[in-house]
Amino acid sequence: MKKDYKIVKSFEELPSPAFVCEEELLEKNLKLLKYVQDETGVNILLALKGFAMHSTFELCKKYLKGCCASGLHEAILAKEEFGLEIHTYSPGFKDEEIDEIISLSNHLVFNSINQINRFKDKAFGKVSMGLRINPEYSSVEVDLYNPCAPYSRMGTTKANFDESVLEVLEGLHFHALCEQNVDALKGALEKFEENFSQYFSKLKWVNFGGGHHITRADYDVDGLIRLLKEFKAKYPHLEVYMEPGEAIGWQTGYLVATVLDVFENGMNLAILDTSAEAHMPDTLAMPYRAMIRNSGVANEKQYTYRLGGNTCLSGDIIGDYSFDKALEVGDKIILEDMIHYTMVKTTTFNGIKLPSIVLKTKENFYKIIKNFGYNDYSSRLS
C-alpha cells in the first residue's frame, strides 16, 4: 500500500534529531553493487542488520537479489517489505520460531552441527540448508566486531565439522570481515578453500558473508571482480552470495541534531538533543570518532567544545570538536555517515526520543518517513 508522507522543502524545517538518508547517494551505491553482480554473476543481498530502512526497499530491490535476515523478525520484514530471496542465519534458532522461519526463508544457515541435527527433519525439503563456517582467518582489529576471534561462537571450525551433515546441506557460509577491502576477502577465501573445498562438489551454493566495503572510495572493485570471476571459474556449479550491510548505506546520509545548551566547566560544553549512548552506540562501543560537518579536531578551529548527549549517563559524550563560530542554542549539528549500522541500533534509553527518519529525494525534497514519540518508549516496557 502506498503511504503518504509529509514533505518539507528546506533543511531548516526538518525535525530534530533526525536521520536523513539521501536517495541519490543510496542509488549510487546500489548501482555499483549491481555492476559487480552483472560483471561476476554473484548474488548480492541486503544485510538487514546493517540497513533496514524499508521505506527505501522499492529502490533497493531494483538492484539487489534479496535480503539476509538474522532471525524471525528480520525475515518477516524481508518478506513483507522486500519480497525477493530471504536467507536467514542465527547463532541459535528457537523451537517456537523455526517453523515460521523455514516458511519464510529460501536459505536457512545454521551456526553449528548441533543446530542442524536438531532441526534438519523440519527443514529438509522445505528450505535450502547451509552451515556457517569459521574459516579461522582473522584480520579484524577490534574483537567486538571480529567473528573469527579466539573462542568465537560464530560458525563451525574445521575440527568441529561433521561430514555426515553433507547429506542435508546444500551450502556453506563464512563471514570473517568488518568494513574491509578485497585483500581481507582474499585471505579469508583462501583459508575457506583450504579447509572445505573438498566438499564443494556436494554443494549448490556458498555465501561469502558480509563486511565487504565495496562502496567505499578506496575499495578495489576491479580486484573484487577478478577474485569473484576466478572463484566462479574454478567452481562453476556453485552459486555465490555476498551480503554486505555497510556497503548499501555507506555515506548515504547523516544525523542532524540541535544544540540545547552551551556552558563552561574547565572547557566549553554543548548539549545536543541526540545521544551517543542511545542513537550512536558504536561511537562508544568501537569506539570511533564521528565526523561532524564543518568541524575540526579540538583546537584546530577557533572555538572548541565537548559535545554531549541529552541523557543522564555521564559518559554520553560524542567527542571534542572545534568550529569557526561559537555555538549557540538552536544551532544545527550534522553528524556524517550515520545511516548504516546506526539507525538499526538506536534505543530509547533514559526515555530519550528516537530520531525521526527522513528521506531526501532526488528532487531535493525531504520526505518525513516517521516521527517517534512516547508510545515508542512505553511500548517496549511493562
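Along the sequence shown, residues carry numbers from 1.
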> Of the options T348, N375, T347, which is the one that meets R380 in a side chain to side chain donor-acceptor pair (under 3.5 Å)?
Replying inline: T348
> Considering only heavy atoms from C-beta outward, does the side chain of C60 approach that of F51 to under 4.5 Å?
Replying inline: yes
>> Does E22 form a side chain to side chain donor-acceptor pair (under 3.5 Å) with Y254? I'd like the steps, not just the answer.
In response: CA-CA 9 Å; E22 300 191 48; Y254 49 86; 5.0 Å; no
>> I'd like to know whether F110 forms a side chain to side chain contact (heavy atoms under 4.5 Å, CB included) with V165, so could you lay out the CA-CA distance, the side-chain angles of the two residues, the decisive distance to 0.1 Å, and finally the verdict.
In response: CA-CA 11 Å; F110 295 100; V165 300; over 6 Å; no
> Is there a side chain to side chain donor-acceptor pair (under 3.5 Å) between Q115 and S112 once you walk through the steps?
Replying inline: CA-CA 5 Å; Q115 284 266 296; S112 70; 5.5 Å; no
> Hey, mind stepping through E190 and K186 against salt bridge (Lys or Arg N to Asp or Glu O under 4.0 Å) and telling me if it holds?
Replying inline: CA-CA 6 Å; E190 288 173 352; K186 185 175 186 293; 2.6 Å; yes
> Where do T40 and F231 land on the side chain to side chain contact (heavy atoms under 4.5 Å, CB included) test, with the steps shown first?
Replying inline: CA-CA 10 Å; T40 63; F231 186 88; over 6 Å; no
> Which heavy-atom pair separates Y199 from E163 by the least distance, and what is that distance?
Replying inline: OH-OE2, 2.9 Å
>> Test side chain to side chain contact (heavy atoms under 4.5 Å, CB included) on V240 and Y235; report intermediate values, then the result.
In response: CA-CA 10 Å; V240 177; Y235 311 105; over 6 Å; no
> Between S322 and E300, is a side chain to side chain donor-acceptor pair (under 3.5 Å) present by the stated rule, with each step listed?
Replying inline: CA-CA 6 Å; S322 61; E300 179 183 350; 5.0 Å; no
> Considering all heavy atoms of both residues, which atom of L84 and which atom of G66 are nearest to each other, and what is their separation?
Replying inline: CB-CA, 3.9 Å
>> Test salt bridge (Lys or Arg N to Asp or Glu O under 4.0 Å) on K353 and D376; report intermediate values, then the result.
In response: CA-CA 8 Å; K353 187 179 76 168; D376 301 288; over 6 Å; no
>> Within the structure provided, determine whether S152 and N134 are in side-chain contact (heavy-atom separation under 4.5 Å).
In response: yes
> Between H173 and E243, is a side chain to side chain contact (heavy atoms under 4.5 Å, CB included) present by the stated rule, with each step listed?
Replying inline: CA-CA 11 Å; H173 171 292; E243 46 187 49; 3.1 Å; yes
> Hey, does L335 have a side-chain heavy atom less than 4.5 Å from the side chain of T342?
Replying inline: no
> Is Y5 reachable from F372 through a run of hydrophobic residues whose side-chain heavy atoms are each under 4.5 Å from the next?
Replying inline: yes
>> Please evaluate residues E277 and S275 with respect to the criterion side chain to side chain donor-acceptor pair (under 3.5 Å), reporting the C-alpha separation (whole Å), side-chain torsions for both, the decisive distance (0.1 Å), and the verdict.
In response: CA-CA 5 Å; E277 169 70 15; S275 164; over 6 Å; no
